[in-house]
Peer 1: 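Starting off with a structure, shown below.
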Protein chains: 2
Amino acid sequence: MQDEDEVCREVLQIVSLVGDKWSLPVLGQLRGGRRRFGELQRAVPGISQRMLTVTVRKLERDGLVSRHVHASVPPQVAYELTGIGRSLLVATLGLGEWAAEHRVAIAAHRHRFDAN
Amino acid sequence: MQDEDEVCREVLQIVSLVGDKWSLPVLGQLRGGRRRFGELQRAVPGISQRMLTVTVRKLERDGLVSRHVHASVPPQVAYELTGIGRSLLVATLGLGEWAAEHRVAIAAHRHRFDAN
DNA sequence: CGGCATCCGGACCGATACTG
DNA sequence: CAGTATCGGTCCGGATGCCG
């Protein structure tokens, strides 16, 4: 099959969509519904203000989340999963199952390898 | 659900397994069976000798591929998918379908976003 | 042929300070 | 509250050259 590597390239593009350090945690938090900026920062442990800004901006650019501004004092900005974003989360669940199944074996193999 | 972010963390670990630039293309090439080092480098367009070495080393460490050395002159080293590696490839196929389905929409959305 | 060592540019990421 | 701007550290990846 010569379209095997094409599939790999497509998967790579998806990985580049959410493969950075914070995209998946943020998307996971949004799974529970619309969240405000500060809520997200508190819910995702360890993320800096800057990285949250960068991450949601990128996710919005790719159409995975939508941004809703309510002009008031103080200003309120909320983020929400789009249909595409939700479907992507669902697609990653398959990988989650794989992870739960093989994580231990991988860790063990890595440990054995490092013993040399 | 508080195990949602745990799933995200697990997926993140998988992504870190094959989320780099070359792991997926190399794994994809190995899908056809055992391949020698030079074959891999010729089959994966654009990869440097160094990055192929680094990539197969990492994949071997994680137990996704196995390394077979045939001591001879000139030396022959071949790589092969393990069971875990093959199952991981299968798991990524779901993402491949998602990619084929939504890639165009994402590109369009990104283009619209950049127009501002 | 297969692999390692070294150098280097750029991307990613965090901390901090400042703004509407 | 929700950003923006700047600086600095770290790591990935490419180029080159050498070794068994």
Side-chain angles (χ1 to χ4, degrees), chain A residues 8-9 11-27 29-30 34-62 65-80 110 113-114 116, chain B residues 8-9 12-27 29-30 34-62 64-80 110 113-114 116:
Chain A
C8 287
R9 261 172 277 147
V11 173
L12 255 190
Q13 297 195 354
I14 304 305
V15 165
S16 70
L17 286 184
V18 295
D20 49 46
K21 189 172 180 180
W22 299 110
S23 290
L24 240 18
V26 168
L27 288 177
Q29 278 303 320
L30 289 175
R34 182 180 292 203
R35 291 276 185 276
R36 293 183 52 188
F37 189 90
E39 287 181 300
L40 279 178
Q41 191 175 3
R42 264 172 271 117
V44 179
I47 193 172
S48 68
Q49 209 172 32
R50 171 182 136 82
M51 287 319 294
L52 180 54
T53 301
V54 172
T55 301
V56 292
R57 190 78 75 208
K58 178 186 168 178
L59 292 176
E60 185 197 5
R61 186 174 109 97
D62 294 334
V65 307
S66 55
R67 188 168 179 267
H68 307 274
V69 181
H70 181 58
S72 63
V73 181
Q76 295 193 1
V77 181
Y79 297 89
E80 198 172 9
R110 197 181 288 187
F113 188 87
D114 290 341
N116 304 344
Chain B
C8 287
R9 259 172 280 146
L12 255 189
Q13 297 195 353
I14 304 307
V15 165
S16 69
L17 285 185
V18 294
D20 48 46
K21 191 172 180 181
W22 299 109
S23 290
L24 240 18
V26 168
L27 287 178
Q29 277 303 322
L30 288 177
R34 180 179 293 203
R35 292 276 185 278
R36 293 185 52 188
F37 188 91
E39 287 180 300
L40 278 177
Q41 191 175 4
R42 265 171 271 116
V44 178
I47 194 171
S48 67
Q49 208 173 30
R50 170 181 138 84
M51 288 319 294
L52 181 53
T53 300
V54 172
T55 301
V56 292
R57 190 78 74 209
K58 176 185 168 179
L59 292 175
E60 185 196 5
R61 186 174 108 99
D62 294 335
L64 302 180
V65 306
S66 56
R67 187 167 180 267
H68 307 274
V69 181
H70 182 58
S72 62
V73 181
Q76 295 193 2
V77 181
Y79 297 90
E80 196 173 9
R110 197 181 287 189
F113 188 89
D114 291 341
N116 302 344

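Each chain gets a letter, A, B and so on, in the order its sequence line appears, and its residues count up from 1.
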Peer 1: Output all residues satisfying side-chain hydrogen bond (donor to acceptor under 3.5 Å, both in side chains) with A:Arg61, sequence neighbours left out; order by chain, then residue number.
Peer 2: B:Asp114

Peer 1: Look at A:Arg67 and D:dG3 and indicate whether a side-chain polar atom (N or O) is within less than 4.0 Å of OP1 or OP2.
Peer 2: yes

Peer 1: Contact list please: residues 39-48 of chain B against DNA chain C, heavy atoms, distance less than 4.0 Å, in numerical order.
Peer 2: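 Output list: empty, so none.
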
Peer 1: Partners of A:Thr55 by side-chain hydrogen bond (donor to acceptor under 3.5 Å, both in side chains), sequence neighbours excluded?
Peer 2: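 In terms of side-chain hydrogen bond (donor to acceptor under 3.5 Å, both in side chains), with neighbours along the sequence ignored, A:Thr55 is linked to no residue.
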
Peer 1: I need the CZ-P distance between B:Arg57 and D:dG13, as an integer number of Å.
Peer 2: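 It works out to 17 Å between those atoms.
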
Peer 1: Please list, chain by chain and in numerical order, all residues satisfying side-chain hydrogen bond (donor to acceptor under 3.5 Å, both in side chains) with A:Arg67, sequence neighbours excluded.
Peer 2: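 A:Arg67 satisfies side-chain hydrogen bond (donor to acceptor under 3.5 Å, both in side chains) with A:Tyr79 once adjacent residues are dropped.
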
Peer 1: Going 5' to 3' along DNA chain C, which nucleotides are the first and last within contact of chain A (any atom under 4.0 Å from a heavy atom)?
Peer 2: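 The contacted stretch runs from C:dC13 to C:dG20.
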
Peer 1: Collect all protein-nucleotide pairs involving nucleotides 17-20 of chain D in which both atoms are nitrogen or oxygen and the distance is under 3.5 Å.
Peer 2:
none

Peer 1: Side chains of residues 36-52 of chain A: which donor-acceptor partners sit under 3.5 Å, not counting sequence neighbours?
Peer 2:
unit_1, atom_1, unit_2, atom_2, d
A:Glu39, OE1, A:Arg36, N, 2.7
A:Ser48, OG, A:Met51, N, 3.2

Peer 1: So how far off straight is the helix from C:dC1-D:dG20 to C:dG20-D:dC1, going by the axes through five pairs at either end, to 10°?
Peer 2: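 Result, rounded to 10 degrees: 40°.
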
Peer 1: For nucleotides 10-12 of chain D, which of its nitrogen or oxygen atoms have a protein nitrogen or oxygen under 3.5 Å away, and what is each distance?
Peer 2:
none

Peer 1: By side-chain hydrogen bond (donor to acceptor under 3.5 Å, both in side chains), which residues pair with B:Glu80, not counting sequence neighbours?
Peer 2: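 side-chain hydrogen bond (donor to acceptor under 3.5 Å, both in side chains) check on B:Glu80 returns B:Arg34, B:His68.
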
Peer 1: Considering only distance and modelled atom types, tabulate donor-acceptor pairs under 3.5 Å from the side chains of residues 15-22 of chain B, sequence neighbours left out.
Peer 2:
unit_1, atom_1, unit_2, atom_2, d
B:Ser16, OG, B:Gln13, O, 2.5
B:Asp20, OD1, B:Ser23, N, 3.1
B:Asp20, OD1, B:Ser23, OG, 2.5
B:Asp20, OD2, B:Ser23, OG, 3.2
B:Asp20, OD2, B:Lys58, NZ, 2.9

Peer 1: If you pin A:Pro74 and A:Thr53 to their nearest nucleotides in DNA chain D, which one's is more 5'?
Peer 2: A:Pro74

